[in-house]
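Have a look at the structure below before the remarks.
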Amino acid sequence: MTDESTFAVVGAGPSGLAVAKALRDKNIPYIQLEANHDIGGNWLNGVYETVHIISSKKATEFADFPMPESYPDFPSGKQMLEYLQNFVQTFDLRQSIRFNTSVTAVTLRPDKLWNVELSDGTWHAFKGVIICNGHHWDRRYPAYPGTYSGTMLHSKDYKSAEQLKGKRVLVIGGGNSACDIASEAARVGASSSISLRRGYWFLPKTIFGTPLTEIFSVSWPVWAQRLVLKAALKVTVGDYEKFGLPKPDHDIFDKHPTVNSELLHYLRHGRITAYPDIKNFDGSFVEFVNGKKEEFDVVVCATGYHLSFPCLPSSLLTIKNGVVELYGGCALPNAKNLYVFGSLQPRYGFGPLMTPAAVLLSELINMQEHMELPIGLVLKSIGDKPPNSPLIDPYATMRLLKSFKHKAGLVRAAEKQLRGRVKAEIL
């Protein structure tokens, strides 16, 4: 696989597939390396049987590949995988994918090519590397005093309602997976409880008969979106405290919102009990900070994931507040032809952003071809800044992506000026 003109794309989930199509469209040679036996990422083996997307199909589909009209507003995990498989087949991407190929290390060679080491011990040299390994795989667990003697699992390891059937279930966390699993336990378990360390905004999947993700457009500023949502929630939901939930400790969209229409339903029906944060474990018992103590058979940690890039040297990455220091959304400031794609989380579906972002990446690669300095460093020099949060506003980001096409001349000119001033060694 060694080729001085070829890029290695690591990962064949949604972000990796979007990148592959963009590279193919720009005639940039690439090979895609996927650890699993097939495409799909989380949609292949990282979700539970009954999962449905929280964003609508129109907010999730790739901008250049609509989902079938026959799909419901909120497709299932099986339908999402089928959609991604159709995407691969339609654009003939499968022939460039090497399955069951795990990347263990990426390092720079003296000749400025990138060594890619595989789990079988072999290595291959490429012109560049694009990391698309996702951010929903490195499980984060909570740390509480004591020892729990029952069954404890991470939400990523939850696959079927059979794991909860007839059990006293406690779910830790207030995100989308937490609410889905707590609702499933409400249907099949002996009891269902949820522990929240802070207040969340719980938003319904539909408002005014329309999927939540479709009621706004690119032109809507965040303050206007917040105003509409708060008014709608005041009418349809009311005070969260009436459901036994704490008040949100942040404004809407300051953190990832939880889009779920079932949690509040089951709370009002007494099928889910809300608890505050955990104080400690004691065998099969869990004590909460409000002094209550309950016994559970299963504890599900829906506590998110670490942002991890184990194949990259830590010296190349700067990660602050869950955000990699990237410019143009994907370029490192200290390395040429090494990109990280898909590390941010739009608060709605990935589709509308994924396609133009992948196109931008391919354009940056072509621009880098004519530059001596890393294009990430050049973008930094003209004022581009990484987000201060992993959660991004999809509408604002789409506006930025559209405006970037007008900056190509500015970037080239900035590189020429910066080139003469840079003294440090450039990778």
Side-chain angles (χ1 to χ4, degrees), residues 7 9 15 18-19 22-23 26 28 63 108 128-133 135 218-219 221-222 253-254 307 309 312-348 350 352-427:
F7 276 78
V9 178
S15 59
V19 166
L23 296 180
K26 294 286 186 178
I28 299 173
L108 186 65
V129 179
I130 306 168
I131 305 295
C132 307
N133 67 340
H135 43 70
V218 175
S219 61
V222 172
F253 303 143
D254 281 350
L307 184 65
F309 305 95
L312 293 181
S314 58
S315 59
L316 288 178
L317 294 177
T318 299
I319 302 178
K320 295 180 180 179
N321 301 319
V323 179
V324 186
E325 183 186 356
L326 298 172
Y327 297 87
C330 60
L332 293 164
N334 56 352
K336 291 175 63 175
N337 296 321
L338 179 63
Y339 302 89
V340 177
F341 186 86
S343 64
L344 298 172
Q345 300 184 55
R347 63 171 185 259
Y348 297 147
F350 64 75
L353 285 181
M354 194 76 78
T355 300
V359 171
L360 173 60
L361 167 62
S362 66
E363 292 172 348
L364 293 177
I365 288 173
N366 282 332
M367 292 173 66
Q368 179 68 84
E369 185 72 14
H370 306 286
M371 296 181 179
E372 293 182 18
L373 302 181
I375 195 167
L377 180 64
V378 178
L379 293 172
K380 181 179 181 180
S381 74
I382 63 173
D384 189 40
K385 296 180 180 179
N388 55 17
S389 166
L391 181 66
I392 57 174
D393 177 359
Y395 303 116
T397 305
M398 279 189 276
R399 292 193 293 269
L400 286 174
L401 289 171
K402 289 180 179 179
S403 69
F404 191 86
K405 65 178 65 176
H406 305 297
K407 295 182 179 180
L410 173 62
V411 173
R412 294 189 183 96
E415 197 270 344
K416 290 180 180 178
Q417 294 179 358
L418 186 61
R419 191 188 309 163
R421 301 199 307 264
V422 171
K423 304 294 184 181
E425 179 182 356
I426 300 300
L427 296 179

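Residue numbers run from 1 in the order of the sequence given.
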Mark yes or no for whether [X], through its side chain, and [Y], through its backbone, hold a donor-acceptor pair below 3.5 Å.
| X | Y | answer |
| --- | --- | --- |
| Glu415 | Glu372 | yes |
| Ser15 | Gly342 | no |
| Gln368 | Leu373 | yes |
| Lys336 | Met371 | yes |

Any idea which heavy atoms bring [X] and [Y] closest together, and the distance?
| X | Y | value |
| --- | --- | --- |
| Leu353 | Pro346 | CD1-CB, 3.6 Å |
| Leu316 | Ala335 | CD2-CB, 4.3 Å |
| Leu307 | Ile319 | O-CD1, 4.1 Å |
| Phe309 | Ser343 | CZ-CB, 4.2 Å |
| Cys330 | Phe341 | CB-CD1, 4.4 Å |

Problem - Partner of Glu363 by side-chain contact (heavy atoms from CB on, under 4.5 Å), out of Asn366, Leu361, Val359 - result: Val359

Practice task
Could you please spell out the steps behind the side chain to side chain contact (heavy atoms under 4.5 Å, CB included) verdict for Ile130 and Leu23?
Solution key: CA-CA 11 Å; Ile130 306 168; Leu23 296 180; 3.9 Å; yes

Practice task
Hey, could you give me the CZ/CG distance between Phe7 and Leu338, rounded to the nearest 0.5 Å?
Solution key: 9.5 Å

Problem - Side chains of Ile375 and Ile365 in contact at under 4.5 Å (non-hydrogen atoms) - result: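 Ile375 vs Ile365: side chains apart.
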
Enumerate, atom names and distances included, each donor-acceptor pair closer than 3.5 Å involving a side-chain atom of residues 380-391, sequence neighbours excluded.
residue, atom, partner, partner atom, Å
Ser381, OG, Val378, O, 2.6
Asp384, OD2, Gly328, N, 2.6
Ser389, OG, Leu391, N, 3.1

Exercise for the section: Sequence neighbours left out, what passes side-chain contact (heavy atoms from CB on, under 4.5 Å) with Ala408? Give chain and number order. Expected result: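 Partners of Ala408 under the side-chain contact (heavy atoms from CB on, under 4.5 Å) test: Met367, Arg412.
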
Practice task
Start with the C-alpha gap between Leu312 and Val340, add the side-chain angles, then the distance that decides, and say whether side chain to side chain contact (heavy atoms under 4.5 Å, CB included) holds.
Solution key: CA-CA 10 Å; Leu312 293 181; Val340 177; 4.2 Å; yes

